[in-house]
Every structure is written in C-alpha cells, then in structure tokens.
Amino acid sequence: MTTADVIIIGAGVNGASTAFHLAQAGVKRIVVLERKFVGAGASGKSGALVRTSYGNKPETELALESLTYFKHWKDLVGGKCGYRPVGLLLFTRPQDREDLETNVALHQQLGVNTRIITPAEAQALDPSLYVDDVTHVVYEPESGFADPNATTYSFMQAASAQGVEFRTDTPAVRIIIEGERVKGVATAHETIEAPVVIVIAGAWANQLFAPLGLDLGLIPRRARVSVFRWPYQRSPQHLTYLDRINRMWARPIDGNCTLVGVDREQLPTGDPDDYAEGLEQDYIALCREYLSKRFPGMQASPMRGGWACMLMDSPDGHPMIGALPAYQGLYCMAGDSGTSFKTAPAIGKCLSELITRGSSSIDLTPFRPSRFAENALWQDDFRYGIERARISR
Ligand SMILES: Cc1cc2nc3c(=O)[nH]c(=O)nc-3n(C[C@H](O)[C@H](O)[C@H](O)COP(=O)(O)OP(=O)(O)OC[C@H]3O[C@@H](n4cnc5c(N)ncnc54)[C@H](O)[C@@H]3O)c2cc1C
C-alpha cells in the first residue's frame with residue numbers, strides 16, 4: 001500500500017500541467033497514473049492551435065492566461081513548447097459583422113492583442129488567400145501554434161524535477177470511495193491511498209466515472225486531421241486560420257505543409273480502446289475541397305498524411321473543470337471537447353489553486369462539472385451561424 005497527497009489519472013497536457021502546478025504550490029507527494037505513455041491521448045495528436053478568439057468570456061480568460069505561458073515558456077515552465085506566433089486569421093460571414101465587432105471588443109477589454117482588418121490586409125499577410133467572400137477578418141498577431149508533445153513533456157519534466165512521480169503503463173482500474181469521500185485509486189498491481197484524486201483521463205473518463213454512478217453527459221468522439229504539401233505556387237507566408245465559413249482550421253506543419261481539420265458535421269462516436277488511427281479517403285477529399293476554397297492553389301497539393309484520435313465531447317462543448325460534489329476529494333478536468341490544448345497551462349494552474357486554496361485566480365464556476373446535473377449547460381455568446389462548433393471553434 002502506497003500513499004500520496006494527490007493522485008492524477010492521465011498524463012496528457014492537462015494532467016501534466018496540473019501536476020506541475022500542484023508541485024509548484026508545494027504539494028509534496030503527487031503521483032500521476034498513465035495507462036500507456038505520456039501524451040497517449042488527444043494531447044499527443046493535437047492540432048495545438050494557440051489562440052484567444054473564443055466566442056465566450058470564460059474560455060477567452062483561460063486562453064489569454066495560457067498565452068502568457070506559451071510566450072514565456074522557458075521562464076515559467078522550462079524546456080520547450082514549440083510556440084510559433086505566426087498569427088491567426090479568423091474568417092466569418094459578412095452578416096456576422098456586428099457580432100464580430102462586439103466579440104473583438106470584449107477580447108480587447110480582456111487584454112487580447114486582436115483587431116479587425118480588411119480582406120486586402122489579410123491577403124497582404126498571406127497572398128495565397130481567397131478573400132472575395134469576406135468583408136472583415138480578425139487578426140491575432142500573437143496567436144499561432146505549439147508542439148503539443150513538447151509542451152506535455154516539458155510540463156512532465158518540470159513536474160518530475162519537483163518530485164512528481166509519473167507511472168506510465170499503469171492504468172487506474174478503479175477509484176476507491178469510502179462513505180462520501182475518495183480514499184485512493186486501485187491499479188492492476190496495488191492500491192494507492194490519497195485524499196485527493198483528479199480524473200484527467202480524456203476520452204476514457206467514463207470508464208472511471210460510471211462505476212461511481214457519475215454521469216457528466218460525456219461522449220467519446222473520433223476526430224481527424226490531414227496534411228497537404230504546399231504546391232510551388234503557394235506563398236510561404238502561412239499563418240494559422242480559423243475559417244467559420246468553410247468550417248475548417250489550418251496551420252503550417254513541417255515547414256512546407258498545411259495541417260487541416262474540417263468540422264462540417266457531428267463527429268462520430270467511438271470506443272477509445274478500439275478505434276482506427278488512420279484516415280478514410282472521403283475525409284481526405286473533404287479536407288482538400290475546403291482547404292482549396294480558402295487557398296485555391298492548394299487544389300494541387302499532394303496529400304502527405306494525417307491521423308485520427310479520440311477526444312471527449314462534453315454536453316455543451318465546454319470542458320468540465322472542478323470538484324465532483326458527489327465525493328469529497330474528487331476533481332476532474334473532463335470533456336475537453338477538442339479545444340483544451342491551448343488552455344492547458346491555465347487549467348492546470350486554476351485546478352491547482354482550487355485544490356490548495358479553495359478558489360482560483362480565474363473563476364472556474366462556468367466550467368463546474370455539476371452543470372450537467374443542474375441542467376445549466378451554456379452556449380457561446382457569439383456563434384457565427386454555427387449552432388454547435390466542434391474542433392474548429
Ligand atoms: C485532431 C485534434 C486536433 C485538436 N486541435 C486542437 C487545437 O488546435 N487547439 C486546442 O486547444 N485543442 C485542440 N485539440 C484538443 C486537445 O488536444 C485536447 O483538448 C487536449 O489534448 C486534452 O488533453 P487532456 O490532458 O485533457 O487529455 P488527453 O490528452 O486525452 O489525456 C488523457 C490521458 O489519460 C490517460 N488515461 C485514460 N484513462 C486512464 C486510466 N484509467 N488510467 C491511467 N491513465 C488513463 C490516457 O492514456 C491519456 O494519456 C485537438 C484534439 C484533436 C483530437
């Protein structure tokens with residue numbers, strides 16, 4: 001029988017960030033249990049866009065706080081996160097102009113470096129863009145992308161340096177409850193006692209919640225991305241793009257390719273223990289079609305790869321972060337909804353503050369896991385004609 005002060009289940013970017021922040025806050029015995037390897041879930045396969053343009057205040061605050069980490073990674077965490085501030089362009093329909101202006105004004109009030117530019121200015125930033133369908137474009141010069149694996153590894157290394165124990169190839173089999181509080185976690189080989197258990201298990205979270213009678217409305221879904229080589233005519237001035245008209249996002253990868261995700265319909269449900277990691281031909285064709293709408297020259301792009309991954313959708317598309325009131329000492333970051341890489345630094349920081357101090361510097365109330373049981377799900381204030389955006393949001 002081993003004991004710990006805190007057990008974290010899952011070594012993705014959010015588990016590693018939370019471990020790092022708890023150690024920084026002075027928590028001594030932290031064990032992270034990982035069923036496979038660090039980054040084995042959505043984190044290792046993330047598109048890893050780093051941006052602040054959310055259609056709601058709570059996630060904007062998490063993204064903005066996290067951007068400070070990406071910008072000052074060496075000082076705040078150490079190691080590398082691969083942050084590349086190539087800039088972000090956001091495309092919305094001409095009829096959404098008023099909403100967009102209000103949304104951008106909110107971002108500016110919160111301190112985000114963002115502004116609305118003309119289509120011609122957007123084209124000057126990337127001459128390969130098609131802009132005849134837009135009248136205004138949002139530009140975030142400090143946004144871009146990071147390396148999701150390097151980010152996770154450096155959180156893990158910085159946490160380990162402070163004494164956190166990462167146990168890979170060690171699935172948590174069961175969360176142990178005594179009365180109305182958590183007592184620890186059982187693995188295949190032993191039981192570890194701890195007064196605090198945090199479930200950050202991505203698409204696998206239901207396997208741990210169900211035996212406790214917890215239903216947060218979470219659904220594991222399969223998401224896909226593909227990679228296209230730039231044709232010789234494509235300008236190398238390649239930013240990161242969020243295209244709400246074509247329901248597509250894109251970023252540069254490997255110096256001469258575009259990583260693209262198309263988000264046109266509900267992602268299919270899937271079994272995180274048994275899903276295909278490769279791509280289907282129809283998805284590749286869909287990516288080429290919508291990528292070429294924004295970058296016509298990319299019709300001539302050789303396809304160079306892609307992958308699929310399981311993520312966990314929450315019932316309102318926003319993550320569930322905080323205490324699970326049914327059991328004292330039980331917390332979670334669950335239902336990442338395909339959007340919780342860029343916010344992971346702040347999520348780890350705020351969860352750590354909540355556990356060690358009872359409150360967090362950014363208000364986590366909107367993210368409380370109990371909102372599903374309370375029937376208090378929420379929507380983005382600004383949706384740009386997309387009722388429920390999925391990864392591209
Ligand atoms: C294709 C794709 C593109 C994306 N693009 C972006 C983007 O551009 N920007 C953005 O912000 N987000 C993006 N996301 C979402 C982002 O990657 C995820 O929200 C984030 O990585 C979730 O991290 P996590 O640590 O919460 O979960 P995960 O990374 O899924 O980690 C969970 C970990 O828990 C482990 N685990 C599960 N069950 C157990 C158990 N019983 N015992 C022990 N370990 C267990 C798993 O093996 C896994 O390693 C994207 C996701 C996908 C799939």
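None of the values given here were measured: they were computed from a predicted structure.
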- Between Thr343 and Ala63, what is the shortest heavy-atom contact and its length? CG2-N, 3.7 Å

- Item | Check: Glu98 main-chain N/O paired with Thr102 side-chain donor or acceptor under 3.5 Å | yes

- Item | Expected output: side-chain Asp263 to main-chain Met248 donor-acceptor under 3.5 Å | no

- Task: Check whether any side-chain N or O of Arg222 sits under 3.5 Å from a backbone N or O of Ala276 as a donor-acceptor pair, and report yes or no.
- Result: yes

- Query: Has Arg234 got its NZ or CZ under 6.0 Å from the middle of the six-membered ring of Phe295, at an angle within 45 degrees of the ring axis?
  - Reply: yes

- Query: Any idea how Tyr241 and Phe91 line up, ring-wise: parallel (<30°), tilted (30 to 60°), or perpendicular (>60°)?
  - Reply: parallel

- Task: Could you tell me whether a side-chain N or O of Asp243 sits under 3.5 Å from a main-chain N or O of Asn246, the two making a donor and an acceptor?
- Result: yes

- Task: Look at the side-chain heavy atoms of Ile, Leu, Val, Met, Phe, Trp and Tyr, link any pair under 4.5 Å apart, and say whether Ile8 and Ile355 land in one connected group.
- Result: yes

- Quick one: do the Asn149 and Thr151 side chains pair a donor with an acceptor below 3.5 Å? no

- Item | Joint hydrophobic cluster, Ile30 plus Leu354, side-chain heavy atoms closer than 4.5 Å | yes

- Item | ILVMFWY network linking Trp204 to Ile219, side-chain heavy atoms under 4.5 angstrom | no

- Query: Judged by atom type as modelled, is there a donor-acceptor pair below 3.5 Å linking the side chain of Ser43 to the main-chain atoms of Gly12?
  - Reply: no

- Query: Can a donor-acceptor pair be found between the side chains of Asp273 and Gln207 at a distance below 3.5 Å?
  - Reply: yes

- Are Val196 and Val182 connected, step by step, through hydrophobic side chains (Ile, Leu, Val, Met, Phe, Trp, Tyr) whose heavy atoms are closer than 4.5 Å? no

- Check whether any side-chain heavy atom of Ile253 lies under 4.5 Å from a side-chain heavy atom of Thr258, and answer yes or no. no

- Yes or no on salt bridge (charged side-chain N to carboxylate O under 4.0 Å, His left out) for Arg167 and Glu165, after CA distance, side-chain angles and deciding distance? CA-CA 6 Å; Arg167 294 192 194 172; Glu165 192 187 332; 2.6 Å; yes

- Show the numbers, then the answer: is there a ring-ring contact (aromatic ring centres under 6.0 Å, His included) between Tyr331 and Phe367? CA-CA 12 Å; Tyr331 296 82; Phe367 301 103; over 10 Å; no

- Message: If you apply the rule ring-ring contact (aromatic ring centres under 6.0 Å, His included), what do you find for Trp249 with Phe145, and how did you get there?
- Response: CA-CA 12 Å; Trp249 60 266; Phe145 61 92; over 10 Å; no

- Side-chain contact test, heavy atoms from C-beta onward, threshold under 4.5 Å: evaluate it for Trp230 versus Pro236 and give yes or no. yes

- Message: Regarding Asn56 and Asp381, do their side chains bring together a donor and an acceptor under 3.5 Å, going by distance alone?
- Response: no

- For the pair Ser46 (side chain) and Ala42 (backbone), establish whether a donor and an acceptor sit closer than 3.5 Å, ignoring hydrogens and angles. no

- Answer whether the closest heavy-atom distance between the side chains of Pro369 and Leu324 falls below 4.5 Å. yes

- Item | Worked verdict on Asp380 versus Arg383 for salt bridge (charged side-chain N to carboxylate O under 4.0 Å, His left out) | CA-CA 6 Å; Asp380 280 352; Arg383 295 191 286 278; over 6 Å; no

- Under the 3.5 angstrom rule, does the side chain of Thr114 hit a backbone N or O of Glu140 as a donor-acceptor pair? no

- Query: With a cut-off of 6.0 Å (strictly less than), are more than 12 heavy atoms of other residues, nucleotides or ligands near CD of Glu178?
  - Reply: no

- Establish whether Leu33 and Met333 are linked, either directly or via other cluster members, by ILVMFWY side-chain heavy-atom contacts under 4.5 Å. no

- Message: Main chain of His21, side chain of Ser352: is a donor-acceptor contact present, judged purely on distance under 3.5 Å?
- Response: yes

- Between His107 and Phe382, does the ring centroid distance fall short of 6.0 Å? no

- Message: Distance alone, cut at 3.5 Å: any donor-acceptor contact between the side chains of His318 and Ser337?
- Response: no

- Query: Pairs in or reaching into residues 112-121: which pass salt bridge (charged side-chain N to carboxylate O under 4.0 Å, His left out), with residues at least two apart or in two chains?
  - Reply: none

- Residue from Lys183, Arg181, Arg29 passing salt bridge (charged side-chain N to carboxylate O under 4.0 Å, His left out) with Glu193: Lys183

- Message: Looking only at side-chain N and O atoms, does Ser361 offer a donor or acceptor that is under 3.5 Å from a partner on Glu353?
- Response: yes

- Query: Does Gln123 have any side-chain hydrogen bond (donor to acceptor under 3.5 Å, both in side chains) partners at least two apart in sequence or in another chain, and if so, which?
  - Reply: none

- Any donor-acceptor pair under 3.5 Å from Gln157 side chain to Gly79 backbone: no

- Item | Side-chain donor-acceptor pair present, Tyr54, Asn103, cut-off under 3.5 Å | no

- Task: Apply the test side chain to side chain donor-acceptor pair (under 3.5 Å) to residues Glu59 and Thr339: give CA-CA distance (whole Å), side-chain angles for both, the deciding distance (0.1 Å), then the verdict.
- Result: CA-CA 10 Å; Glu59 277 176 297; Thr339 188; 4.6 Å; no

- Task: Work out which heavy atom in Ser66 is nearest to a heavy atom in Ala346; give both atom names and the distance.
- Result: OG-N, 3.1 Å

- Query: Is Arg251 reaching over with its side chain to a backbone N or O of Gly47, donor-acceptor style, under 3.5 angstrom?
  - Reply: yes

- Write down the atom of Arg368, the atom of Ala376, and the distance for their closest heavy-atom approach. NH2-CB, 3.7 Å

- Item | Partners passing side-chain hydrogen bond (donor to acceptor under 3.5 Å, both in side chains) against Glu101 (at least two apart in sequence or in another chain) | Arg97

- Item | Within 6.0 angstrom of Gln237 CD, more than 12 heavy atoms from elsewhere | yes

- Message: Determine whether Lys57 and Asp363 satisfy the following criterion, salt bridge (charged side-chain N to carboxylate O under 4.0 Å, His left out), listing intermediate values before the conclusion.
- Response: CA-CA 11 Å; Lys57 186 172 173 229; Asp363 183 17; over 6 Å; no

